[in-house]
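The shown structure was predicted, so the numbers you read here are calculated from the model rather than taken from an experiment. Ligands are counted one by one from 1 in listed order, and the atoms in each one are counted from 1 as well.
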Amino acid sequence: MSELLGFSGVRQRFSGNQTLTLPDWTLQRGEHCLIMGPSGSGKTTMLSLAGGLLTADAGHVSLDRQPLHELGEAQRDRLRARCVGLIFQTLHLVSALNVGRNLALAQYLAGQTVDWDRIRTLLTELAVDHLIQRKPDTLSQGQAQRVAIARATVTSPQLVLADEPTAALDDRNCERTIELLLSQAQACGASLVIATHDQRLKSYIKTTIQLDVPT
Ligand SMILES: Nc1ncnc2c1ncn2[C@@H]1O[C@H](COP(=O)(O)OP(=O)(O)OP(=O)(O)O)[C@@H](O)[C@H]1O
Ligand SMILES: [Mg+2]
């Protein structure tokens with residue numbers, strides 16, 4: 001195993017003099033982890049730092065052995081497109097593009113050749129292949145979430161980051177969603193990191209980082 005993600009001495013300052021101190025953390029390739037803690041404890045911030053969407057005010061975050069603070073914004077964007085699949089609470093599908101083209105765009109941004117066979121196969125696995133020509137705004141919440149899982153994994157990333165993917169779901173749909181995330185992560189050998197309040201996920205992923213209420 002080798003290190004995929006590392007946090008050391010990370011602190012993030014927000015307006016109002018609030019400072020979040022995050023625990024040191026190492027994630028090995030292929031390892032999965034839950035980030036748990038009360039509202040405001042920094043779960044979403046930790047995912048954003050891991051994916052290079054935010055840069056730490058103090059300390060270091062490294063992804064794929066590259067220290068993110070040493071990279072320029074464009075380099076971080078490229079690294080993220082190549083290595084990371086994101087499933088955030090607002091799904092950020094591109095509304096002007098249909099479902100298939102949303103996946104094709106992710107491949108293009110990752111520097112890959114657009115592979116329509118892979119796109120169709122993945123949408124079929126997630127049971128949304130019939131929606132390939134639909135625009136995101138016309139999908140139900142559950143359909144859009146499946147498309148977001150497909151978009152996050154179509155590039156075979158090393159790291160999949162998901163923010164509260166099961167928060168509003170009943171037990172049956174929670175089980176479906178976590179099983180899809182785990183099977184897609186496994187298919188590309190990716191690590192899955194989920195920020196969540198959802199205690200149900202503990203039976204699927206054993207490693208947990210527990211954040212405290214900020215002081
Ligand atoms: N852009 C921002 N500007 C100011 N403060 C922020 C910003 N983003 C986050 N914070 C603050 O940082 C702290 C951590 O926020 P974060 O969203 O990471 O928490 P969380 O654990 O994901 O919470 P929740 O469970 O409610 O999603 C909170 O106190 C929040 O108010
Ligand atoms: Mg959050």
**Student:** Got Asp171 and Arg200 here, is their nearest side-chain heavy-atom distance under 4.5 Å?
**Tutor:**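 Touching, per the 4.5 Å side-chain cut-off.
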**Student:** Indicate, with yes or no, if Ile149 and Val193 share a hydrophobic cluster defined by side-chain heavy-atom contacts under 4.5 Å among Ile, Leu, Val, Met, Phe, Trp and Tyr.
**Tutor:** no
**Student:** Short list, please: which atoms of ligand 1 are under 4.0 Å from a heavy atom of Gly40?
**Tutor:**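 Near Gly40, meaning under 4.0 Å from one of its heavy atoms, ligand 1 has 13 (C), 14 (C), 19 (O), 20 (P), 21 (O), 23 (O), 24 (P), 26 (O), 28 (C), 29 (O).
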**Student:** What do we get for Pro38 next to ligand 1 when only non-hydrogen atoms under 4.0 Å count, side chain, backbone, both or neither?
**Tutor:**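 Only the backbone of Pro38 comes within reach of ligand 1.
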**Student:** Using a distance-only test with no angle check, is there a side-chain donor-acceptor pair under 3.5 angstrom linking Thr166 and Asp198?
**Tutor:**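 Checked: Thr166/Asp198 side chains pair up, N/O donor to acceptor below 3.5 Å.
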**Student:** Given that the side chain starts at C-beta and the backbone is N, CA, C, O, which of these parts of Gln12 lies under 4.0 Å from ligand 1, counting heavy atoms, or is it both or neither?
**Tutor:** neither
**Student:** Give the atoms of ligand 1, by number and element, whose distance to some non-hydrogen atom of Thr45 is under 4.0 Å.
**Tutor:** 14 (C), 15 (O), 16 (P), 18 (O)
**Student:** Judging by distance only, is a nitrogen or oxygen of Gly42 under 3.5 angstrom from one on ligand 1?
**Tutor:**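 Yes; the residue has a nitrogen or oxygen that sits under 3.5 Å from a nitrogen or oxygen of the ligand.
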**Student:** According to a 4.5 Å side-chain heavy-atom criterion applied to Ile, Leu, Val, Met, Phe, Trp and Tyr, with indirect links allowed, do Ile132 and Leu180 form part of one hydrophobic cluster?
**Tutor:** yes
**Student:** Can you check whether Phe14 has an N/O within less than 3.5 Å of an N/O in ligand 1?
**Tutor:** no
**Student:** As an exercise, state the distance from CG of Leu5 to CD of Gln28, rounded to the nearest 0.5 Å.
**Tutor:**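 Rounded to the nearest 0.5 Å, the CG-CD separation comes to 10.5 Å.
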**Student:** How does Met46 reach ligand 1, by side chain, by backbone, by both or by neither, if only non-hydrogen atoms under 4.0 Å count?
**Tutor:**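 No part of Met46 comes within reach of ligand 1.
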**Student:** Around atom CD of Gln186, are there more than 12 heavy atoms of other residues, nucleotides or ligands at under 6.0 Å?
**Tutor:**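 For Gln186, atom CD is not crowded (no more than 12 foreign heavy atoms under 6.0 Å).
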**Student:** Just how far is it from atom CH2 of Trp25 to atom CE of Met46, taken to the nearest 0.5 Å?
**Tutor:** 5.0 Å
**Student:** Is the shortest N/O to N/O distance between Lys43 and ligand 1 below 3.5 Å?
**Tutor:**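 For ligand 1, there is an N or O atom that lies under 3.5 Å from one belonging to Lys43.
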**Student:** At less than 2.8 Å, would any N/O/S atom of Ser39, backbone or side chain, sit next to the Mg ion (ligand 2)?
**Tutor:** no
**Student:** Any donor-acceptor pair under 3.5 Å linking the side chain of Ser191 with the backbone of Glu31?
**Tutor:**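 Yes; judged by distance alone, with no hydrogens or angles, the pair exists.
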**Student:** Taking non-hydrogen atoms only, is Leu20 closer than 4.0 angstrom to ligand 1 via side chain, backbone, both or neither?
**Tutor:**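 It is the side chain that touches ligand 1; the backbone stays farther off.
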**Student:** If you measure from each heavy atom of His197 to ligand 1, is any distance below 4.0 Å?
**Tutor:**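 Under 4.0 Å: yes for His197.
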